Amino acid sequence: KTKANIFGKVDFTVKITDNGSGASPNVNSFTRKFSLVIQPVNDPPSFTSQPVTLAVVQENYQYIITASDPDGDKLTYSAPVRPAWASLSTPENNGRATLQGRPPVSAAGNFDVTLQVKDASSTVEQKFSVYVNIRPSLQSLMVATGEDTPVALSASFFTAGYVDQNEDPLSGIKIMEVPKSGRLLLSEQQVNAGDTITAPALAQLTYAPNENYFGMDSFGWNAFDGNHFGLKPARVDISIIPINDAPRLILEEDTLRYEVNGEPAFVSPLADIEDADDDTLTSASVAFLPINHRPEMDVLQYDVTPNLRATFDFQTGVLRFSGRAPLADYRVALRSVRYLHQNTTDPLLKPKGVLFGLNDGETESEPVEMVIMLQYTFVEFQIPSGFTPNGHQSNDTWVIDRPGGGLEEMDDAVISVYNKQGVLVYRAKGFGRPWDGTMNGELLPADTYFFTIDLQLRSNKTYKGVVTILR
């Protein structure tokens with residue numbers, strides 16, 4: 001069997017040998033030469049190019065056709081079946097041909113093509129169809145959303161601005177230009193210019209305006225029909241409707257540790273206010289929560305601020321500032337608020353809740369709560385160990401003192417004095433009249449006496465000791 005594409009004269013020698021003795025005069029082999037002439041047979045040519053099967057109306061179509069011939073014969077091309085808008089050109093001596101043309105608007109759809117290539121004696125065909133597509137056309141779209149509110153942009157939204165004369169469905173879109181005052185997000189991931197999104201994935205596409213932005217925004221897009229993008233991109237205009245943002249109060253601390261000592265303490269001296277939409281407020285409030293609030297003891301003090309009216313309701317524990325005024329005025333007013341607990345003798349050390357609120361005339365702020373933790377350090381009494389009731393106007397009475405004062409508030413305190421036999425010689429309620437060393441108007445002898453002082457406090461604070469009368 002000859003090799004492929006071999007022809008011409010072939011010489012070869014054949015030698016035949018048997019299994020007998022080859023010693024003279026015996027002969028056991030025979031040799032003969034042959035010549036074989038292989039006649040040439042024509043090999044048909046074949047196409048080496050793949051057809052271009054897609055064209056666009058009013059755009060140039062071109063298919064560069066190439067073929068080869070095993071025998072090296074000269075090839076000729078023809079197109080017995082082709083669209084009316086296409087022509088076949090066959091430049092000399094380059095072994096190629098070109099099918100080209102520009103489909104008119106009316107030429108949408110499928111067109112059959114048959115190409116032929118011939119050598120000296122054989123013809124080979126290449127058959128295919130060219131689909132002439134009309135690029136989709138786009139219309140600009142519009143959508144509205146509220147300030148700080150994302151809006152979904154589904155496939156049906158873009159389909160409303162998509163027109164395809166071939167009736168091809170929307171296959172996807174390309175983002176041509178991103179919005180300037182917001183972001184496009186696909187499954188929470190940011191979309192950039194040049195990104196393509198398939199139609200099914202559009203269900204996850206959203207537009208999110210920048211925080212506190214309102215007004216107009218837009219982005220550019222193009223549509224893909226499965227074959228081509230639109231000739232001209234379109235725009236999505238977005239109207240972001242302003243929505244009033246509630247004012248916001250910022251406290252530097254959420255707890256005030258208050259020492260019960262008769263002095264007021266600033267509740268939040270560094271309080272701050274923010275309002276994204278406006279620089280004015282209409283009211284602010286600082287109110288005790290009902291639990292543990294004691295109207296007779298819990299007081300909020302404040303400074304009078306220009307442009308604001310202020311009232312404090314002792315019964316409800318609500319301090320209210322009102323009047324349309326700049327944030328700065330309300331900031332000064334709130335920073336001036338002070339807490340005073342008026343029971344410095346026997347305070348009930350339970351936490352107080354205070355609630356802050358703001359209003360800009362349209363929206364209430366989120367309430368901000370602060371806790372006031374009461375702390376109390378008892379100031380010990382100074383009790384003399386003796387006195388000299390001898391009428392010299394000096395140290396004539398047993399005077400009990402307390403640094404910083406507060407004795408006048410202890411009217412319920414009970415002071416009792418006993419002699420060595422346990423007889424009660426003196427009893428008083430409160431510290432208004434010091435003991436003068438007498439019993440029922442009679443002078444008591446110089447001696448040592450025992451005393452108890454019951455302050456009648458929740459803490460059960462009492463004093464016990466001795467006092468000496470010297471004469």
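This one's a predicted model, so the numbers in the text were calculated from it and none came from an experiment. In what follows, every heavy atom counts, from backbone to side chain, and hydrogens, waters and symmetry copies are set aside.
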Kindly list each side-chain donor-acceptor pair under 3.5 angstrom involving residues 295-302, sequence neighbours excluded, with atom names and distances?
residue	atom	partner	partner atom	Å
E296	OE2	R294	NE	3.2
E296	OE2	R294	NH2	3.2
D298	OD1	Y339	OH	2.6
D298	OD1	H341	ND1	3.1
D298	OD2	R294	N	2.9
D298	OD2	K352	NZ	3.1

Minimum heavy-atom separation for [X] to [Y], with atom names?
X: D119; Y: P44; result: OD2-CA, 3.9 Å
X: S89; Y: Q100; result: OG-NE2, 4.0 Å
X: Q382; Y: P403; result: NE2-CG, 3.6 Å
X: F431; Y: A413; result: CE1-CB, 3.5 Å
X: A55; Y: V130; result: CB-CG1, 3.9 Å
X: P351; Y: N292; result: O-ND2, 3.0 Å

Kindly check if the number of other-residue, nucleotide or ligand heavy atoms within 6.0 Å of [atom1] ([X]) is above 12?
X: K118; atom1: NZ; result: no
X: F381; atom1: CZ; result: yes
X: E408; atom1: CD; result: yes
X: E380; atom1: CD; result: yes
X: R32; atom1: CZ; result: no

For [X] and [Y], which I'm curious about, is there any donor-acceptor pair between the side chains at under 3.5 Å?
X: N110; Y: S129; value: no
X: Q116; Y: S78; value: yes
X: T462; Y: D454; value: no

Quick one: does [X]'s side chain have a donor or acceptor within less than 3.5 Å of a partner on [Y]'s backbone?
X: Q126; Y: S49; value: yes
X: D412; Y: Q456; value: no
X: S365; Y: L358; value: yes
X: T149; Y: E147; value: yes
X: R135; Y: H228; value: no
X: R82; Y: V113; value: no
X: D43; Y: P70; value: no
X: D313; Y: G317; value: no
X: N166; Y: I134; value: yes
X: S35; Y: D11; value: no

Can you run down the side chain to side chain donor-acceptor pair (under 3.5 Å) pairs that involve residues 253-262, sequence neighbours left out, and say none if there aren't any?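 The answer is E259-T377.
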Of all pairs that satisfy side chain to side chain donor-acceptor pair (under 3.5 Å), the ones with a partner from residues 196-213, not counting sequence neighbours: Y207-D217
CA sep, side-chain torsions, deciding dist, call: L205, V191, side-chain contact (heavy atoms from CB on, under 4.5 Å): CA-CA 9 Å; L205 182 66; V191 178; 4.1 Å; yes
Whether R320 engages the ring of Y330 as a cation-pi pair (distance to the six-membered ring centre under 6.0 angstrom, angle to the ring normal within 45°) should be assessed.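 Not flagged: R320 not positioned over aromatic ring of Y330.
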Pairing residues for [X] by the ring pair (Phe, Tyr, Trp, His ring centres under 6.0 Å) criterion, not counting sequence neighbours:
X: F128; result: Y63
X: F312; result: F314
X: F356; result: none
X: Y61; result: W85

Note, [X] side chain near [Y] side chain (heavy atom, < 4.5 Å):
X: F219; Y: L153; answer: yes
X: E409; Y: T344; answer: yes
X: I240; Y: T145; answer: yes

According to the salt bridge (Lys or Arg N to Asp or Glu O under 4.0 Å) rule, which pairs have a member within [range], sequence neighbours left out?
range: residues 299-312; result: D303-R338
range: residues 227-247; result: R235-D237
range: residues 181-194; result: none
range: residues 358-370; result: none

Are D272 and R331 within salt-bridge range, i.e. N to O under 4.0 Å? yes
Sequence neighbours excluded, every pair satisfying ring pair (Phe, Tyr, Trp, His ring centres under 6.0 Å) that has a member inside residues 140-181: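 Counting only pairs at least two positions apart or across chains, the ring pair (Phe, Tyr, Trp, His ring centres under 6.0 Å) contacts touching residues 140-181 are F158-W221.
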